[in-house]
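The structure under discussion appears below in the form of structure tokens.
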Number of protein chains: 2
Amino acid sequence: MEANFSVTEENYIKAIYHLQKADGNVGTNEVAAELNTKAASVTDMLKKLKQKKVLNYEKYHGFSLSSQGRKIALGIVRKHRLWEFFLVEKLQFGWDEVHAMAEELEHVSSKKLIDKLDDFLGNPKFDPHGDPIPDVNGKMVALPQVNLTDLPVNQQAQVSSVGIQSTALLELLKHKQIAIGTQLQVKKQFAFDHSIEIKIKGHAAFIISQQLAQALFVQVME
Amino acid sequence: MEANFSVTEENYIKAIYHLQKADGNVGTNEVAAELNTKAASVTDMLKKLKQKKVLNYEKYHGFSLSSQGRKIALGIVRKHRLWEFFLVEKLQFGWDEVHAMAEELEHVSSKKLIDKLDDFLGNPKFDPHGDPIPDVNGKMVALPQVNLTDLPVNQQAQVSSVGIQSTALLELLKHKQIAIGTQLQVKKQFAFDHSIEIKIKGHAAFIISQQLAQALFVQVME
DNA sequence: TAAATATTTTAGATTTGTCTAAAATTATTT
DNA sequence: AAATAATTTTAGACAAATCTAAAATATTTA
């Protein structure tokens, strides 16, 4: 009795899942940008996905995946990441070339196929980009944390914890508008004093000291 | 510069390829039956495929794949059979369960992917059903011939040659409407006199003698 | 070869996913 | 809180692939 979704519907579900995870609050324009389509088309699809019980949606008041929708999204993410693993580990592709192929393969339906593939690959926990692979039940391992000083340049990441429990640190973080969950990228690393330039979504880039960077841990994002 | 075909177009090309191979002369109704659609839809698609130079087509006077169309068809067959091989050999599926999955996988586009898959599988020459797999250049090994007396019951096959060059045999074959290319299945084998009951497409089943069966060689079909 | 039958094609409608342009609603400024 | 700006939704149209019913053509039969 598995519900059936078109490739287009699956792409919407996946896009909303990823944007929601990154942003919390997602709008039609963001979804449209992600899928190279227009806000009007997104609205049309929102209505359909609401009817299919995949979305909570009240018009003009936003939308979010239902628990069923989240389950479907995890299934697609699982397929995507397992195929990426297969392409890199078995077919010897570079991890930079596999995304587009996995976008196609993830819509091949059979759950039995993907479960057998999972076994064949040895039930890997992370895909070649370091993203966790959901298991048969949709559970996935938490992303390993990385110190901000070790984050590769331009890698999108999310602040996940701080290494020091001090009021002084908290004050500084507050001033720089950094908090748990803040998304950032490292833009430059300066050898002289090990300071780094970071960029937070919607803000101008700015530089933080080595001491501060060492106190921050992040999770890499897709 | 690879031309781009929709999944639907690819399915038409593949269906026409298979029917043409089996039948020589193919009509819209046959294609419609193969694809679970209607003759009118087939006509629409024929026009489109003619425009794309995949088909030779004059309305009311039949159609056949162009050499370009044949090349495309072979590419699809190659994908289909390599995926079937993968599913059976690597993922441990039974060869009776893989057809539907391969139908989906064959439309995943990248040629590079399929060539790497081919290498990964060790460049197999036959799929799990015994059908030959076209290589990178579309070449495939000819199907081994089987004597009709050795053909398993219900296996679809095509008469490929006769073992005796006699007028008497020819007369009999003509009368029974059997020729090179005729598609048939063995329906029953009678132990008493080793006669067998065969069924030719569009005809009622009938019985042929052991002597006649021994004179006929067939190629197994998909 | 003319009539009957079968096949193929056209005409017009339907569904899915998309678009543009305009209208409705919500959010932000001042 | 009005005015302005941004976002979201509707209305109406379009392309792809399909359908049904009717018309055109080809084939078979008598």
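In what follows, chains are A, B, ... by sequence order, proteins preceding strands, each numbered from 1.
Within 4.0 Å of Thr8(A), counting heavy atoms only, lie sugar-phosphate atoms of the nucleic acid but no base atom. At a threshold of 4.0 angstrom between heavy atoms, the contacts of Thr43(A) include nucleobase atoms, whether or not backbone atoms are also involved. Using a 4.0 Å heavy-atom criterion, one finds that Tyr12(B) contacts the sugar-phosphate atoms exclusively.
In this structure Glu171(B) satisfies the side-chain hydrogen bond (donor to acceptor under 3.5 Å, both in side chains) test with no other residue, sequence neighbours excluded. Checked against side-chain hydrogen bond (donor to acceptor under 3.5 Å, both in side chains), Lys187(A) has the following partners two or more places apart in sequence or in another chain: Asn154(A), Gln185(A). Every salt bridge (Lys or Arg N to Asp or Glu O under 4.0 Å) that Lys112(A) has, sequence neighbours left out, goes to Glu97(B).
Heavy-atom nearest nucleotides on DNA chain C were determined for Thr28(B) and for Met45(A), and the one closer to the 5' end corresponds to Thr28(B).
Of the residues in residues 54-61 of chain B, those placing a heavy atom less than 4.0 Å from an atom of DNA chain D are Tyr60(B), His61(B), in numerical order.
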Could you go through residues 31-47 of chain A and list every donor-acceptor pair under 3.5 Å that involves a side-chain atom there, pairing it with any protein atom two or more places apart or in another chain?
residue: Thr37(A); atom: OG1; partner: Ser41(A); partner atom: OG; Å: 3.4
residue: Thr43(A); atom: OG1; partner: Ala39(A); partner atom: O; Å: 3.2

May I have the list of side-chain donor-acceptor pairs in residues 198-206 of chain A shorter than 3.5 Å, sequence neighbours left out?
residue: Lys199(A); atom: NZ; partner: His203(A); partner atom: O; Å: 2.5
residue: Lys201(A); atom: NZ; partner: Asp23(A); partner atom: OD1; Å: 3.3

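Straight-line distance from the CZ atom of Phe63(B) to the C1' atom of dT9(C): 13 Å, rounded to whole Å. As a whole-Å value, the separation of Leu46(A) CG from dT7(D) P is 16 Å. In this structure, NZ of Lys38(A) is placed 17 Å from C1' of dT10(D), rounded to the nearest angstrom.
The side chain of Asp44(A) lies closest to dC19(C) when the candidates are dC19(C), dT18(D), dT9(D).
In this structure, Thr37(A) reaches the dC19(C) phosphate: one of its side-chain N or O atoms is under 4.0 Å from OP1 or OP2. Side-chain N/O atoms of Asn29(A) include none lying less than 4.0 angstrom from OP1 or OP2 on dA6(D).
Between the side chains of Asn11(A) and His107(A), at least one donor N or O sits under 3.5 Å from an acceptor N or O.
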